[in-house]
Amino acid sequence: MTVRSTGRDSSAADRPAPPRPRETRVLTVSNQKGGVGKTTTAVNLAAALADQGLRVLLIDTDPQGNASTALNVDHRAEMPSIYDVLVDGTPIADVVQPCPDVAHLWCVPATIDLAGAEIELVSLVARESRMARALEAWQVARNEAGEERIDYVIIDCPPSLGLLTVNAFVAAQEVLIPIQCEYYALEGLSQLLSNIDLIRTHLNPRLHVSTILLTMYDGRTRLSAQVADEVRTHFPEQVLQTTVPRSVRVSEAPSFGQTVITYDPQSTGARCYQDAAAEIARRAVPLEEDS
Ligand SMILES: Nc1ncnc2c1ncn2[C@@H]1O[C@H](COP(=O)(O)OP(=O)(O)OP(=O)(O)O)[C@@H](O)[C@H]1O
Ligand SMILES: [Mg+2]
């Protein structure tokens, strides 16, 4: 079954539909290192999961708004956005937009206003858990309105460990860390892991690193293979089998306001993100086991 609304041939059609998780899985895509593939991973996994029939919400928490751009969701400065949710307590229902190119995929956009939110949040009540509360309230409201439950919430984080990322950590159960296969890949990782430990101890006991995805893998270099080996040795449970290679199609899709899943569904990059999404979905406790 294909669910995409673009009318292109879908490679999702030749895949078994992934199981719906027993409860909404909230994954935050984080790494304080810049440019490692967080946004690319967040939007392509979101689109791949939605393309396979699951209901997905992507929350953009990066003032750069790159995830909103890739999903072709309006995020001009005057648009209601995650800023209004975090700073003014606006309900998610008032800011969420459907992704125009992928059925079952919604986006809470980020606008440039969010750049000031790190500072504005400092003086607010429950500053670390404002996203968690908003997400919880939205899910309760959907349920009461008889709307279908969301299967996946994917949060794209900025490259920092400030209050925006802390809000994402408090709202999520799972952290997905993209690691770029290059020399300094593991630098800063211990700081990220110790921040996650702090959040688990003080604010969100369910939080854990469930998934690591190796990105921008270059099979021609020894370095990529060495980094991949090292990460797999340290995190044998978390690293996905699928690695995402460097791919021109992946990098050019956002300039067309698209994910690679809709831009070129048969490309290697699209297939890798579809495989990664299927691996992630298989790790969930399926709905059928909840009896
Ligand atoms: N598999 C890939 N192949 C080629 N280019 C890629 C791939 N993944 C990401 N890129 C490119 O690398 C750059 C950084 O990727 P991306 O924006 O996803 O990283 P990020 O971690 O979200 O960055 P930031 O820290 O600024 O938020 C982008 O130009 C993106 O198009
Ligand atoms: Mg990004």
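Order of appearance sets the numbers: ligands from 1, and atoms from 1 within every ligand.
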*Asks:* Write out the residue and atom name of the closest protein heavy atom to atom 23 (O) of ligand 1, then the distance separating them to 0.1 Å.
*Replies:* Gly35 N, 3.1 Å
*Asks:* Please assess Tyr217 against Gln180 for the test side-chain contact (heavy atoms from CB on, under 4.5 Å), listing each intermediate value before the final yes or no.
*Replies:* CA-CA 7 Å; Tyr217 186 87; Gln180 187 181 352; over 6 Å; no
*Asks:* Evaluate Leu57 against Leu135 for side-chain contact (heavy atoms from CB on, under 4.5 Å), listing each step before the verdict.
*Replies:* CA-CA 10 Å; Leu57 173 71; Leu135 194 53; 4.0 Å; yes
*Asks:* With heavy atoms of Ser251 as the reference, note each atom of ligand 1 found under 4.0 Å away.
*Replies:* 4 (C), 5 (N), 31 (O)
*Asks:* I want to confirm something. Looking only at heavy atoms, which of Thr40, Asp218, Val248 is nearest to atom 9 (C) of ligand 1?
*Replies:* Thr40
*Asks:* Could you tell me whether the side chain of Thr259 and the main chain of Ala47 form a donor-acceptor pair under 3.5 Å?
*Replies:* no
*Asks:* Tell me whether atom 13 (C) of ligand 1 lies less than 4.0 Å from at least one protein heavy-atom position.
*Replies:* no
*Asks:* Going by an N to O cut-off under 4.0 Å, is there a salt bridge joining Arg246 and Asp218?
*Replies:* no
*Asks:* Output yes when a side-chain donor or acceptor of Asn72 lies under 3.5 Å from a complementary backbone atom of Gln258, and no otherwise.
*Replies:* no
*Asks:* Looking at ligand 1, is there an atom of it that comes within less than 4.0 Å of some heavy atom belonging to Gln64?
*Replies:* yes
*Asks:* What do you reckon, does Thr39 have a nitrogen or oxygen under 3.5 Å from a nitrogen or oxygen of ligand 1?
*Replies:* yes
*Asks:* Side chain, backbone, both or neither: which part of Asp156 comes within less than 4.0 Å of ligand 1 when only heavy atoms are counted?
*Replies:* neither
*Asks:* Under 3.5 Å, N or O to N or O, is Asn66 touching ligand 1 that way?
*Replies:* no
*Asks:* Which of the atoms of ligand 1 are close to Gly34, meaning less than 4.0 Å from one of its heavy atoms?
*Replies:* 25 (O)
*Asks:* Do Ile59 and Leu121 share a hydrophobic cluster (ILVMFWY, side-chain heavy atoms under 4.5 Å, transitive)?
*Replies:* yes
*Asks:* Any atom of ligand 1 sitting under 4.0 Å from a heavy atom of Asp62?
*Replies:* yes
*Asks:* Using a distance threshold of 4.0 Å (strictly less than), state whether atom 19 (O) of ligand 1 has a protein heavy-atom neighbour.
*Replies:* yes
*Asks:* Answer yes if a protein heavy atom lies under 4.0 Å from atom 28 (C) of ligand 1, otherwise answer no.
*Replies:* no
*Asks:* Using modelled atom types only, decide if a donor and an acceptor are shared between the side chain of Ser129 and the backbone of Ala132 within a distance under 3.5 Å.
*Replies:* no
*Asks:* Strictly distance-based, threshold 3.5 Å: is any side-chain N or O of Gln173 a donor or acceptor partner for the main-chain N or O of Val26?
*Replies:* yes
*Asks:* Counting non-hydrogen protein atoms only, what is the nearest one to atom 4 (C) of ligand 1? Give residue, atom name and distance.
*Replies:* Ser247 O, 3.2 Å
*Asks:* For ligand 1, which atoms have a heavy atom of Val244 less than 4.0 angstrom away?
*Replies:* 1 (N)
*Asks:* Counting only heavy atoms, tell me which of Pro245, Ala70, Ser30, Gly269 gets closest to atom 1 (N) of ligand 1.
*Replies:* Pro245
*Asks:* Show the nearest heavy-atom pair for residues Lys38 and Pro159, with the distance to one decimal.
*Replies:* NZ-CB, 3.8 Å
*Asks:* Taking NZ, NE, NH1 and NH2 as the nitrogens, is one of them in Glu23 or Arg206 under 4.0 Å from a carboxylate oxygen of the other?
*Replies:* yes
*Asks:* Counting distance only, does the side-chain N/O of Arg232 pair as donor-acceptor with the main-chain N or O of Leu240 below 3.5 Å?
*Replies:* yes
*Asks:* List every atom of ligand 1 that sits less than 4.0 Å from any heavy atom of Gly37, numbering the atoms from 1 in the order shown and giving each element.
*Replies:* 15 (O), 16 (P), 18 (O), 19 (O), 20 (P), 21 (O)
*Asks:* Should the proximity of Val36 to ligand 1, defined as any heavy atom under 4.0 Å, be assigned to the side chain, the backbone, both, or neither?
*Replies:* both
*Asks:* Could you tell me whether any N, O or S atom belonging to Gln64 is less than 2.8 Å from the Mg ion (ligand 2)?
*Replies:* no
